[in-house]
Each structure stands twice: as structure tokens, then as C-alpha cells.
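Report on the structure given below.
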Protein chains: 2
Amino acid sequence: MVTKQLAGSPDEADVRRADSLAREIFSDLANKWALLIIEALGESTLRFGELRDEVEGISHKMLTQNLRMLERNGLIERTVHPVVPPRVEYTLTEPGQALRVTIDGLCDWTHRYLGHIETSRHRFDD
Amino acid sequence: MVTKQLAGSPDEADVRRADSLAREIFSDLANKWALLIIEALGESTLRFGELRDEVEGISHKMLTQNLRMLERNGLIERTVHPVVPPRVEYTLTEPGQALRVTIDGLCDWTHRYLGHIETSRHRFDD
DNA sequence: CCGAATCCTCTCTGATACTG
DNA sequence: CAGTATCAGAGAGGATTCGG
């Protein structure tokens, strides 16, 4: 897939655009709440209130904000049931599920090195 | 290692402490710059200036701040060579390397679903 | 070259109140 | 119940400067 390039060729610009997009996505997702929401959703379908109970410490506002962002990026699906009282459910899409798997890896890592980190902190805090 | 527990036993407190510690570590690491620094280090040893060139867009201050945090958590090792001009080198420790592998997974995910995400965004932005 | 401290700006975050 | 708007306080992040 390596093609010969001229100076200032369009494909170079494409690569730069893809890179900046990747960076943008990275910035979106590399935040505490987004990752915790994805973990909380897991394989289940949850309502707004259920999610707020599940993700400990998140505010109403942050939850809304992050849910919008995740929906925009196609990681979660939002279905509104036109009933009263309103019922809105969230579930992970296939890309979202794929991401959750890698986040699981992060959680595993955290638990495996928990002790390691704690002792390292104590040594550092002198 | 599973021991019998009484109600309100000390181990329950331990579990809560470990959970809050895990949450804290999660908050530390779930940020753009920390992940990009770890990726930049990879298997190599880099100086402060080299790292700043490698991690595009990071400021002097943010780099310092995150390097301290990563060092405190035992993810990177900092070696000072007492010469003039000063020479300070950073390298990933074993836990850091392990974390890098899971971050690689995140990068793979980003590139795999790049198109997916871009179209989802366009659909959302109406 | 590397790091710490200062200042200044701007975004994020939480609390509250209001609509459908 | 779910979502939006607004406001004030806290905190992140950038630029700069000085010291080792």
C-alpha cells in the first residue's frame, strides 16, 4: 500500500487529516468519565438514571455531556421510548463493545499492578 | 487467600481502599498526555527535550507534570546524569511496558474504527 | 538542558432551577 | 424521568522567567 508521492501530494494531506482526527478521538476518549461509562454499560442496556447510579460520583451534567459525545462518535446507541414518564436507554454499539474489551485490559492492568504502584508512591513521597 | 469474614471486618475496608486507589490511578492515567507520553517512550530511552519533540503539542509544563506523575506511580524511571549541561533520561519500567501494550490496543482500535467514527459524526452533526 | 515558580486565561465541573 | 440553561468556583493549561 505504499505509493510514490509527489511533494505536497493530496495523500500526504490525507494522512495528516487522519492523524489529527485520531488525535481528536484520543482526546475525547482519554478521560475518566467516558471510560467508566463504557465499562458500566458493558453488555447491558441501561437507562439514564441507572447509569448515574452505576458510575459513582458522576454529575447529571457530566453524564449527559459524555453520553452525547459517545453517541456522536458512534460508540453508544440512544433509543427514546415516547412514553410518559420518558424512558431513554443506552447501549454499546459494536465499535463500543470493541473498545470496552481494550478498556477491560486497562482495568486488569490496574489491578495487577495495584500493590506495585502503592509502594512506588510511598517511596516517591519522601 | 480467601479468608472468612465477620460483619464490618477490616478486609471490607481494605477492599474499599483498594477500589478508591484503583479509581485514583484510573484518573491519573486516563488523560491524553500521559497516554501519549507512554506511547512515545515505547521501548526507547529518551531525554526531556526529545520527548517534547516526540509528543506533539505538549507544553514544557505539562510534560514535567506528567513525567512526575508517571514516575510517582512507578511507570517510568528517571535517571539524572550529573554533567553540564544536564542530561536526564526517561524510560518505561516493566509495569509501564505492560501498560503500553494495552494502550497499543487503544491505538489499534482508533485506527480500525476511524472511518466508522467519522461517518457517525457527520450523521450526528445535523 | 532541565526544572520550579509565577501569573494569567479559559475550560471544566457542580449546584440549581426550569421545560417536555 | 430525561434534558437544557445558567452561574460561580475550582482547576487545567500556556507563556514566561529565574535557578541549578
Side-chain angles (χ1 to χ4, degrees), chain A residues 20 23-38 40-41 44-73 75-92 124-126, chain B residues 20 23-38 40-41 44-73 75-92 124-126:
Chain A
S20 87
R23 174 68 69 100
E24 206 183 315
I25 294 167
F26 215 75
S27 302
D28 270 5
L29 298 181
N31 91 62
K32 180 181 162 184
W33 293 131
L35 299 188
L36 289 175
I37 289 171
I38 291 172
L41 270 176
S44 49
T45 295
L46 295 179
R47 301 183 56 179
F48 185 90
E50 292 171 333
L51 262 174
R52 191 176 50 198
D53 294 342
E54 206 70 25
V55 181
E56 188 153 310
I58 196 170
S59 70
H60 186 116
K61 186 178 178 179
M62 280 301 100
L63 183 53
T64 304
Q65 208 168 92
N66 278 278
L67 285 174
R68 288 295 161 280
M69 180 272 286
L70 292 174
E71 187 190 359
R72 185 171 114 91
N73 288 318
L75 297 184
I76 62 175
E77 190 176 3
R78 177 172 177 269
T79 56
V80 182
H81 297 84
V83 297
V84 30
R87 181 183 187 85
V88 183
E89 293 182 329
Y90 296 91
T91 181
L92 288 180
F124 187 90
D125 294 344
D126 289 339
Chain B
S20 86
R23 173 69 69 98
E24 207 183 316
I25 294 167
F26 214 75
S27 301
D28 270 5
L29 298 181
N31 93 62
K32 179 182 165 185
W33 293 131
L35 300 188
L36 288 174
I37 289 171
I38 292 172
L41 271 176
S44 49
T45 295
L46 295 179
R47 302 182 56 177
F48 185 90
E50 293 172 333
L51 261 175
R52 193 176 50 196
D53 293 342
E54 206 70 25
V55 181
E56 188 152 312
I58 196 170
S59 69
H60 186 114
K61 183 181 179 179
M62 280 300 100
L63 183 53
T64 303
Q65 208 168 94
N66 279 277
L67 285 174
R68 288 296 162 279
M69 180 271 288
L70 292 174
E71 186 190 359
R72 185 171 114 92
N73 288 318
L75 298 184
I76 63 176
E77 191 177 1
R78 176 171 178 269
T79 56
V80 182
H81 296 84
V83 296
V84 33
R87 181 183 187 86
V88 183
E89 294 182 328
Y90 296 92
T91 180
L92 288 180
F124 187 90
D125 294 344
D126 290 339

Whole Å only: how far is the CD atom of A:Glu89 from the C1' atom of D:dG3? 17 Å
With five pairs defining each end axis, the helix from C:dC1-D:dG20 to C:dG20-D:dC1 comes out bent, to 10°, by 40°
Length of the line joining A:His81:NE2 and C:dG20:C1', which is rounded to integer Å: 18 Å
Take nucleotides 3-13 of chain C nucleotide by nucleotide from the 5' end and write B, S or -, depending on whether a protein heavy atom sits under 4.0 Å from the base, only from the sugar-phosphate, or from neither. BS-BB-----B
Enter the distance from A:Glu50:CD to A:Asp53:CG here, rounded to the nearest 0.5 Å. 8.0 Å
Rounded to whole Å, the CG-C1' distance (B:Leu63 to C:dC2) equals 10 Å
Return the CD1 to CD1 distance between A:Ile37 and A:Ile58, rounded to the nearest 0.5 Å. 4.0 Å
Restricting to non-hydrogen atoms, name the atom on B:Ala40 and the atom on B:Glu54 that form the minimum distance, rounded to 0.1 Å. CB-CG, 3.8 Å
What is the separation between atom CE on B:Met69 and atom P on D:dG13, rounded to the nearest whole Å? 11 Å
On a heavy-atom basis, the closest approach of B:Arg68 and A:Phe124 is O-CZ, 4.2 Å
Would you kindly give the CD1-to-P distance between A:Ile58 and D:dA2, to the nearest whole Å? 14 Å
Would you call B:Asp125 and A:Arg72 a side-chain contact if the rule is heavy atoms closer than 4.5 Å? yes
Taking every non-hydrogen atom, the tightest pair across B:Ile76 and B:Leu67: CD1-O, 3.4 Å
Between D:dG11 (C1') and B:Asp28 (CG): distance, integer Å: 15 Å
Could you tell me whether B:Arg47 contacts a base, only the sugar-phosphate backbone, or nothing, with contacts defined as non-hydrogen atoms closer than 4.0 Å? sugar-phosphate
Side chains of residues 26-33 of chain A: which donor-acceptor pairs under 3.5 Å do they make with residues two or more places apart or in other chains?
| residue | atom | partner | partner atom | Å |
| --- | --- | --- | --- | --- |
| A:Ser27 | OG | A:Arg23 | O | 3.0 |
| A:Asp28 | OD2 | A:Asn73 | ND2 | 3.2 |
| A:Asp28 | OD2 | B:Arg121 | NH2 | 3.4 |
| A:Asn31 | OD1 | A:Trp33 | N | 2.8 |
| A:Asn31 | OD1 | A:Ala34 | N | 3.0 |
| A:Asn31 | ND2 | A:Asp28 | O | 3.0 |

Please assess A:Phe48 against A:His60 for the test side chain to side chain contact (heavy atoms under 4.5 Å, CB included), listing each intermediate value before the final yes or no. CA-CA 9 Å; A:Phe48 185 90; A:His60 186 116; 3.8 Å; yes
